[in-house]
4 protein chains.
Amino acid sequence: MEPVNLSEFEDAARAKLAREAYDYYAGGANDEVTLRRNREAYGEIALHYPVLRDVSSRDASTTVLGEKISFPVMVAPTAFHRMACAEGERAAARAAGRAGTIMVVSTLSTTTIEDIGEVATGPLWFQLYVYKDRGATTDLIRRAEAAGCRALVLTVDAQVWGRREADVRNNFKLPDGLTVANLAEHAKEMFPGGIPGSGLAAYVAQMLDPALSWRDLAWLRQQTKLPILLKGIVRADDAKLAVEHGADGIIVSNHGGRQLDTAPATIEVLPRVAEAIAGKIPVLVDGGVRRGTDVIKALARGAQAALIGRPILWGLAADGENGAFRVLELLKAEFDLAMALCGARTVGEIDRRLVVV
Amino acid sequence: MEPVNLSEFEDAARAKLAREAYDYYAGGANDEVTLRRNREAYGEIALHYPVLRDVSSRDASTTVLGEKISFPVMVAPTAFHRMACAEGERAAARAAGRAGTIMVVSTLSTTTIEDIGEVATGPLWFQLYVYKDRGATTDLIRRAEAAGCRALVLTVDAQVWGRREADVRNNFKLPDGLTVANLAEHAKEMFPGGIPGSGLAAYVAQMLDPALSWRDLAWLRQQTKLPILLKGIVRADDAKLAVEHGADGIIVSNHGGRQLDTAPATIEVLPRVAEAIAGKIPVLVDGGVRRGTDVIKALARGAQAALIGRPILWGLAADGENGAFRVLELLKAEFDLAMALCGARTVGEIDRRLVVV
Amino acid sequence: MEPVNLSEFEDAARAKLAREAYDYYAGGANDEVTLRRNREAYGEIALHYPVLRDVSSRDASTTVLGEKISFPVMVAPTAFHRMACAEGERAAARAAGRAGTIMVVSTLSTTTIEDIGEVATGPLWFQLYVYKDRGATTDLIRRAEAAGCRALVLTVDAQVWGRREADVRNNFKLPDGLTVANLAEHAKEMFPGGIPGSGLAAYVAQMLDPALSWRDLAWLRQQTKLPILLKGIVRADDAKLAVEHGADGIIVSNHGGRQLDTAPATIEVLPRVAEAIAGKIPVLVDGGVRRGTDVIKALARGAQAALIGRPILWGLAADGENGAFRVLELLKAEFDLAMALCGARTVGEIDRRLVVV
Amino acid sequence: MEPVNLSEFEDAARAKLAREAYDYYAGGANDEVTLRRNREAYGEIALHYPVLRDVSSRDASTTVLGEKISFPVMVAPTAFHRMACAEGERAAARAAGRAGTIMVVSTLSTTTIEDIGEVATGPLWFQLYVYKDRGATTDLIRRAEAAGCRALVLTVDAQVWGRREADVRNNFKLPDGLTVANLAEHAKEMFPGGIPGSGLAAYVAQMLDPALSWRDLAWLRQQTKLPILLKGIVRADDAKLAVEHGADGIIVSNHGGRQLDTAPATIEVLPRVAEAIAGKIPVLVDGGVRRGTDVIKALARGAQAALIGRPILWGLAADGENGAFRVLELLKAEFDLAMALCGARTVGEIDRRLVVV
């Protein structure tokens with residue numbers, strides 16, 4: 001039966017995916033406290049809606065870093081889409097384009113950024129992990145630029161890899177035939193056989209740079225003219241540092257609960273982070289967004305847009321490009337309805353009084 | 001076995017109703033957070049009862065907009081009573097009259113307002129949806145007046161329709177033989193066949209006016225001399241606007257959790273709304289009222305009366321008019337007992353100190 | 001197997017008692033919110049124990065209204081002990097005496113106060129319901145005095161009867177052969193046959209005086225020289241009224257959650273009630289006491305002693321007098337251990353800092 | 001399958017241990033409120049991690065009372081290791097040494113302190129119960145000193161024994177062949193046969209000194225030159241008394257929830273205790289530590305190190321010395337990862353802002 005909400009897309013995906021793939025997508029770090037908390041925190045926020053506003057004509061669109069999107073939801077970077085469906089990241093990119101929003105392509109895609117760029121009909125951003133090998137890193141940036149990516153999203157909460165215990169139990173590695181396509185020349189080192197535990201964690205430990213620090217932002221700025229967003233910030237002091245170091249935006253994120261378990265829910269810390277940013281640069285948020293009302297809350301608490309990660313994977317697994325598109329359309333319809341029920345005709349009319357009367 | 005409380009009436013109704021009908025009556029929007037919260041919030045409020053007051057003689061009656069009722073509970077407007085029992089709204093109206101209280105008839109009744117008015121033995125109010133077709137709307141008002149309705153209850157939280165997922169899954173439409181009787185001439189357009197999802201939602205999207213706004217209150221005031229109450233207010237600023245725009249009363253309501261999910265529980269927002277109204281017009285409340293003690297709490301927090309919706313449907317489904325009457329009598333007996341145990345001889349003696357010592 | 005705590009005594013009792021009797025003893029009003037809350041509230045209070053105090057010699061005894069008891073726990077008044085075991089109230093009185101504490105005999109005993117007084121080895125108090133028939137009431141007082149009762153406990157929260165739904169479902173009435181022994185001459189009217197619902201509730205409605213008020217305390221004072229305690233107070237203002245009207249003590253009680261459902265937990269309101277009393281008269285508390293640590297908390301929050309009701313019934317049902325005695329001894333041992341672990345050598349050393357550091 | 005976290009080590013242990021042994025190790029006092037609360041409280045504390053700090057080089061080591069340990073986790077004193085595996089305390093001591101940390105040997109070991117000292121490769125501390133027989137006590141101290149123990153940990157919350165109901169039900173006593181080895185000459189009196197309930201509780205009641213008080217610290221100080229830590233403090237005033245009486249350190253502990261049930265969770269009271277100590281002496285903490293993030297929280301709230309008790313027993317039961325070692329290594333790896341994800345390169349960089357932004 002056609003899923004009626006994003007949660008049912010997860011059900012459909014679980015039924016189709018290999019256990020290892022589902023676990024990799026769905027899991028969080030350690031006891032998954034943050035994974036659950038991301039979601040629960042939205043349910044605890046009440047929407048104090050106003051009434052009797054003419055909502056006959058509504059416009060859900062917004063603009064992020066100069067890019068107009070059809071509603072304030074973007075596709076968060078997630079790894080390994082080809083585990084979900086054969087077309088993988090290409091299907092996701094097409095779905096995002098059809099839905100009129102931005103897709104953030106992951107460094108850890110199973111399709112090269114060039115192949116994704118070729119089929120994309122909407123704007124792409126590129127999520128960047130900084131490799132110990134800075135040459136490999138700049139090479140990635142060059143290729144992302146060439147493929148048409150319009151912004152870099154630097155992940156700042158993953159110099160080391162969170163411990164997702166399901167992956168450890170499953171000795172998680174990429175299925176045969178799939179590679180970290182952007183770095184396929186490194187493929188053999190990536191998932192060394194014969195070691196127990198998560199092969200991905202081993203890869204990260206070997207390749208990514210745990211020394212990445214605020215100082216490196218200056219270096220990164222020199223490598224590209226693209227706007228740079230920092231993804232993974234949960235503290236107000238770090239938000240201020242981001243502005244000071246010239247970031248063009250931040251994403252309040254705890255990596256979907258996959259890195260530091262018991263990190264706070266993103267919607268909980270969003271207001272104080274947004275207050276610290278004080279409108280100087282855009283604030284985005286991810287983690288636990290599953291409902292149109294969640295997007296309203298994210299905006300009412302200071303975000304310019306929200307990103308969804310796992311639901312896109314559930315859409316891909318359920319029905320490829322079309323599934324991912326339906327996930328986005330479903331959420332857009334929910335958001336439009338929630339706007340109307342909150343008396344908002346435009347995204348700009350979603351204000352703080354909805355969540356704090 | 002004879003139900004001993006309203007919850008057992010729901011059990012009895014569930015056993016008798018078609019799945020689609022039960023789901024339509026019982027369901028709420030999306031994750032049903034507000035539906036549950038409406039109920040739970042009552043359980044979290046403690047009643048700090050005084051003792052040693054002479055409660056040998058008690059009077060549970062009260063007056064709402066000049067209408068004396070036997071206890072401060074009214075019948076909330078709910079749609080489609082004939083799905084519950086053959087006599088439908090006529091049975092409900094007779095039950096309300098026997099119980100000595102007001103029934104608010106829904107625009108979406110399965111019996112015409114004339115047929116209801118004919119059998120009613122107690123006062124009727126008329127719940128109004130404003131149609132895009134203002135002629136149809138004024139026609140409804142005329143007919144309600146002619147049928148003897150003594151007040152209009154304008155629903156202000158439903159210019160667009162909440163998404164009740166069970167109805168979407170069930171492709172909910174009215175059973176054969178039933179119509180939105182007050183607008184039967186529109187019957188064919190109402191539930192167009194062959195479209196997936198909730199037929200009712202499609203009907204609303206087609207017929208009701210999403211442009212309804214505070215400005216329209218002036219228009220509505222010109223159409224009738226009846227008092228006008230606004231149903232669906234949860235914010236203090238909207239309560240003040242209601243007074244400013246000349247409303248004769250408000251009903252603090254979130255549409256039984258059926259419109260905007262994660263709206264606050266009505267009993268939670270009631271005190272600040274009542275404070276904003278400051279006694280200028282009556283404040284009523286619905287949502288989650290299932291116990292005599294709930295009615296005490298609603299009054300102690302600022303309401304003049306409470307309305308019950310679903311329990312009447314459970315009564316109708318369980319045993320027609322008699323079932324609905326027994327629901328009201330049971331609640332009245334619970335309320336009378338709770339008054340006595342709270343040391344209140346009259347409704348006026350139910351004061352704020354019961355809930356805030 | 002020998003129960004190791006009071007909860008296991010309830011398990012043992014449930015296995016032996018007729019369903020109607022267990023339900024009558026165990027049940028609370030309506031949704032049993034208060035019944036559960038009484039218990040849960042104790043678990044939420046943390047004991048901040050001090051260490052390194054010489055606890056080699058401890059004295060758990062205390063004095064209530066001049067009566068020395070072996071530990072600050074008394075037997076609360078409960079009805080109908082002969083449903084639990086053949087010896088009924090006589091067994092309970094013997095158990096209380098052996099345990100060195102006071103038993104409060106209920107008006108609604110299944111044994112006459114004379115028969116109980118005859119076998120009692122410890123002090124008795126008499127719980128009084130005021131009947132519409134004041135002659136019957138004074139007669140009860142006379143007989144209680146003559147039987148040696150040393151205080152009257154006037155129940156002030158039961159002029160009307162709480163609705164315990166299990167009793168309604170069970171059409172609860174006394175088993176054949178048992179009567180409200182103190183008023184056996186009224187036996188026939190008490191439980192009129194052939195009416196549905198709780199026979200006890202019908203009895204109360206017929207016999208007890210719903211007009212009982214603060215004014216009646218002066219009348220009651222004239223009837224007896226015994227100290228008078230008021231049982232059922234949960235508010236600070238009522239506590240002050242009790243002092244003003246000359247009460248000799250109060251019992252903070254919500255009738256074990258059997259009267260007004262959603263009344264606050266007694267341990268929650270105890271501090272503000274005790275503060276209002278300001279040491280002028282003794283404050284006792286009942287409701288939810290099942291552990292030695294609960295008794296510590298009751299004392300730390302301002303009570304002079306706690307009373308247990310249902311656990312005595314579980315003891316009687318499990319093993320008659322011996323069972324009730326073991327319940328008291330078990331709780332005494334727990335209390336003594338908790339005192340030691342809290343660094344208290346005497347009841348007087350249990351202070352407020354244990355619960356509010 | 002190899003356990004991936006400490007909880008799975010408990011699963012493995014439960015599968016191997018005799019019921020009586022598992023219950024003894026796992027159980028808490030009475031309703032086990034404190035046992036659960038110790039654990040839950042950690043999950044409720046959010047870690048507000050900073051980002052973009054160079055964490056390429058990390059040092060998890062710290063120093064406690066001049067003793068360098070590989071990470072801020074020590075082995076808490078627990079009794080009767082030979083119920084878990086044949087090598088018992090010797091296996092635990094070897095595991096602690098391999099992991100580079102301190103083991104606190106329990107007075108109630110099933111191996112003599114001499115035999116443990118002989119095989120230990122890391123530092124040992126000795127947990128001391130004060131016996132009524134002060135000669136036996138000083139003899140224990142002498143032997144602990146001779147065996148190389150470098151500190152005494154005086155248990156201050158167990159002059160009387162908490163009631164662990166599983167042990168009472170199991171009539172818990174040491175399995176045949178095992179003794180309280182340090183006091184084997186008293187073996188016969190220790191677990192007198194033929195009495196019901198916990199044999200250990202009977203032993204404690206007979207042997208340990210319930211008169212132990214602050215005055216005895218002066219006596220104890222005269223018996224040894226070793227530093228003395230007080231284990232079992234949860235209050236700020238007691239923490240100050242500890243400093244005043246010359247203690248060299250304290251362990252915030254509620255005896256793993258085994259003594260006074262409803263004692264507060266240790267992580268909850270840690271900040272105010274640490275504030276009272278004001279850095280004058282080291283503050284350690286035990287109770288509920290199962291994750292690397294828990295250790296971070298303990299340090300961020302004022303502890304210098306945390307101790308784990310039961311997990312060592314689960315390791316021993318699962319796989320002897322190797323199991324206990326893997327427990328420590330797993331926790332060390334989790335702690336190292338959590339440090340990195342919290343942007344801390346050294347233990348000193350774990351600051352209060354992680355838990356209070």
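- Of all residues in residues 283-315 of chain C, those placing a non-hydrogen atom less than 4.5 angstrom from a non-hydrogen atom of chain D are C/Arg291, C/Thr293, C/Lys297.
- Using a 4.5 Å cut-off between heavy atoms, D/Asp209 makes no contact with chain C at all.
- If you measure heavy-atom distances from C/Glu8 to chain D, the contacts under 4.5 Å come from the side chain alone.
- Residue contact with chain C, scored on non-hydrogen atoms closer than 4.5 Å, involves the side chain of D/Arg215 exclusively.
- Of the atoms belonging to D/Asp31, heavy atoms from both backbone and side chain fall under 4.5 Å from chain C.
- Applying a 4.5 Å heavy-atom cutoff, the residues of residues 264-271 of chain D that approach chain C are D/Pro264, D/Val269.
- Closest approach of D/Trp161 to C/Leu337, counting heavy atoms only: O-CD1, 3.3 Å.
- With a 4.5 Å cut-off on non-hydrogen atoms, D/Gln259 touches chain C through its backbone and its side chain both.
- Remark: the backbone N or O of C/Val51 is paired with a side-chain donor or acceptor of D/Trp214 at under 3.5 angstrom.
- No donor-acceptor pair closer than 3.5 Å links the side chain of C/Asp54 to the backbone N or O of D/Ser213.
- D/Arg272 and C/His48 get closest at one heavy-atom pair: NH1-CE1, 3.5 Å.
- For chain C, the nearby parts of D/Val156 are the backbone and the side chain; heavy atoms of each come within less than 4.5 Å.
- In this structure, the portion of D/Leu230 lying under 4.5 Å from any heavy atom of chain C is its side chain and not its backbone.
- When side chains are defined from C-beta on, C/Leu52 does not count as touching D/His245, because their heavy atoms never get closer than 4.5 Å.
- Residue C/Glu44 does not touch chain D at all, counting heavy-atom pairs closer than 4.5 Å.
- Within the 4.5 angstrom heavy-atom criterion, only backbone atoms of D/Asp261 (N, CA, C, O) approach chain C.
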